[in-house]
Amino acid sequence: MKQQKPKGTQDILPGQSEKWQYVEAIARETFARYNYSEIRTPLFEHYEVFSRAVGDTSDIVTKEMYDFYDKGERHITLRPEGTAGVVRAYVENKLFAPEVQKPVKVFYMGSMFRYERPQAGRLREFHQLGVEAFGSANPATDVETMAMAYQFFQGLGLKDVRLTLNSLGNAESRARYRQALIDYLTPLKDQLSKDSQRRLAENPLRVLDSKEAEDKEAVAEAPSILDFLDEDSQSHFDAVRGMLESLEIPYVIDTNMVRGLDYYNHTIFEFITKANGSDLTICAGGRYDGLVEEFDGPATPGFGFGLGQERLLMILEAQGIELPVETGLDLYVAVLGDEVNLAALSLVQAVRHQGFKAERDVLGRKLKAQFKSADAFGAKVLITLGASEVETGQVTLKNNVSRAELTASLEEVKTNFASLLEQLA
Ligand code: ATP
Ligand code: MG
């Protein structure tokens with residue numbers, strides 16, 4: 001029976017997976033410098049984890065969740081984002097306890113699932129790299145976390161990444177702004193999209209986030225949240241801006257950027273870049289000081305971001321950035337005749353045990369086809385092994401690019417491949 005992958009999913013094949021590994025290795029290296037450790041949480045959680053954290057009027061929860069009832073009648077959902085599960089784990093495992101050093105800084109990488117209309121950079125199973133820092137209300141935490149994302153992009157050689165910044169303020173500022181926004185939007189209600197008419201009643205800030213043209217037009221002149229920040233919120237935002245400027249990290253302020261998740265307050269940000277002419281958000285995050293309490297943990301400030309891996313790879317590709325992925329073999333052994341099958345096996349094994357990448361023919365093909373394989377695998381060195389080589393114990397090593405040759409004993413290849421490789425280079 002012929003089968004196809006579900007809509008909105010992708011197979012990541014050899015040739016591509018090396019790029020994923022490279023990006024993830026740079027992420028691990030970068031995050032480690034900022035004292036982050038990895039956390040791995042379940043791919044599925046109880047539905048309430050997300051309805052509570054992300055907000056039960058958000059698009060993610062109302063439209064995009066892969067939720068179902070399991071055989072025990074539990075309401076389960078595949079995770080649509082990373083933060084809620086990490087906060088659940090933070091509280092459940094009592095990482096708030098005084099003996100756990102603060103801030104607690106964790107990163108994750110893995111699949112997220114959203115029922116969306118698939119298109120370029122938008123999938124139903126996609127992958128995020130994300131980080132969360134718990135326990136610091138210091139604006140320096142906001143700034144170092146954004147700086148970390150920025151350093152990560154620079155480490156990959158990504159061009160034209162723009163940091164967009166806004167503040168949602170604290171709960172009081174936000175409530176006052178919410179009312180002002182309702183007052184502004186209500187007379188314009190008929191101009192809004194159906195979804196935004198609903199958002200206006202349920203969660204008016206979301207109207208600002210809409211991608212519909214009619215909504216964008218309606219909110220162009222909307223009041224700015226920055227005019228509603230109280231003193232505390234203003235001084236936090238000013239501190240963040242000042243520190244970004246000190247670190248010479250360029251940013252722009254977009255007062256209409258509010259993010260699609262309910263849990264944010266104070267600083268929110270996106271890193272945006274251009275791909276094929278249009279703007280694409282690759283990384284988004286912010287501060288969420290109330291979220292741990294939402295999960296019945298003690299009041300704990302938090303800051304984090306999520307970064308879309310497919311979009312990142314898409315943009316790297318669009319910008320023509322070649323990732324330095326090492327895929328070539330150190331040695332390919334062409335095998336001449338079935339009687340040297342075992343000798344070829346022990347030869348590649350010995351080379352592999354010395355820490356080198358080695359492959360051999362296992363298909364009993366003609367030499368010409370085997371040499372083609374050596375080229376295709378990017379082998380640095382080629383050895384042809386037949387009955388006479390095994391008998392004399394002498395082989396010829398050939399630099400597969402320069403064609404330079406060297407004769408050595410089989411024993412030396414098996415024990416000191418490094419120096420032979422060097423002599424041939
Ligand atoms: P968008 O406005 O593009 O729908 P979002 O606000 O839903 O994004 P977040 O929930 O903040 O996105 O997720 C963080 C990042 O994850 C996004 O910036 C993007 O890079 C990536 N992302 C989100 N949804 C998808 C998806 N369906 N497919 C691929 N990547 C995604
Ligand atoms: Mg979305």
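We count ligands from 1, going down the list as the structure has it; atoms in each ligand are counted the same way. Remember, it's a predicted structure, so these values are computed and weren't measured experimentally.
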Practice item. Begin with the C-alpha distance, continue with both residues' side-chain angles, and end with the deciding distance and a verdict on salt bridge (Lys or Arg N to Asp or Glu O under 4.0 Å) for E116 and R122. Key: CA-CA 7 Å; E116 299 206 68; R122 198 171 289 283; 3.0 Å; yes
Review point. Salt bridge check: are E38 and R40 linked by an N-O gap of less than 4.0 Å?
Key: yes
Review point. What atoms of ligand 1 come within less than 4.0 Å of a heavy atom belonging to I282?
Key: 18 (O), 20 (O)
Study note, to complete from the structure: From the list D215, D59, D195, side chain to side chain donor-acceptor pair (under 3.5 Å) partner of S210 resolves to D215
Review point. Is the F271 ring parallel, tilted or perpendicular to the F153 ring (thresholds 30°, 60°)?
Key: perpendicular
Review point. Should the pair Y69 and H75 be assigned to parallel (<30°), tilted (30 to 60°) or perpendicular (>60°) ring geometry?
Key: parallel
Point to revise | Stepwise salt bridge (Lys or Arg N to Asp or Glu O under 4.0 Å) test for E359 and R352 | key: CA-CA 9 Å; E359 182 58 293; R352 288 164 180 162; 3.6 Å; yes
Review point. Quick one: which ligand 1 atoms are inside 4.0 Å of a heavy atom on L123?
Key: 26 (C), 27 (N), 28 (N), 29 (C)
Review point. Which ligand 1 atoms does A284 reach within 4.0 Å, using its non-hydrogen atoms?
Key: 11 (O)
Review point. Which residue from I268, L129, T281 reaches closest to atom 20 (O) of ligand 1 through any of its heavy atoms?
Key: T281
Exercise for review: For atom 14 (C) of ligand 1, state which one of Q119, E270, Q128 supplies the nearest heavy atom.
Suggested key: Q128
Practice item. Give a yes/no on ligand 1: does K211 have at least one heavy atom closer than 4.0 angstrom to it? Key: yes
Review point. Quick check: does E310 get an N/O under 3.5 Å from an N/O on ligand 1?
Key: no
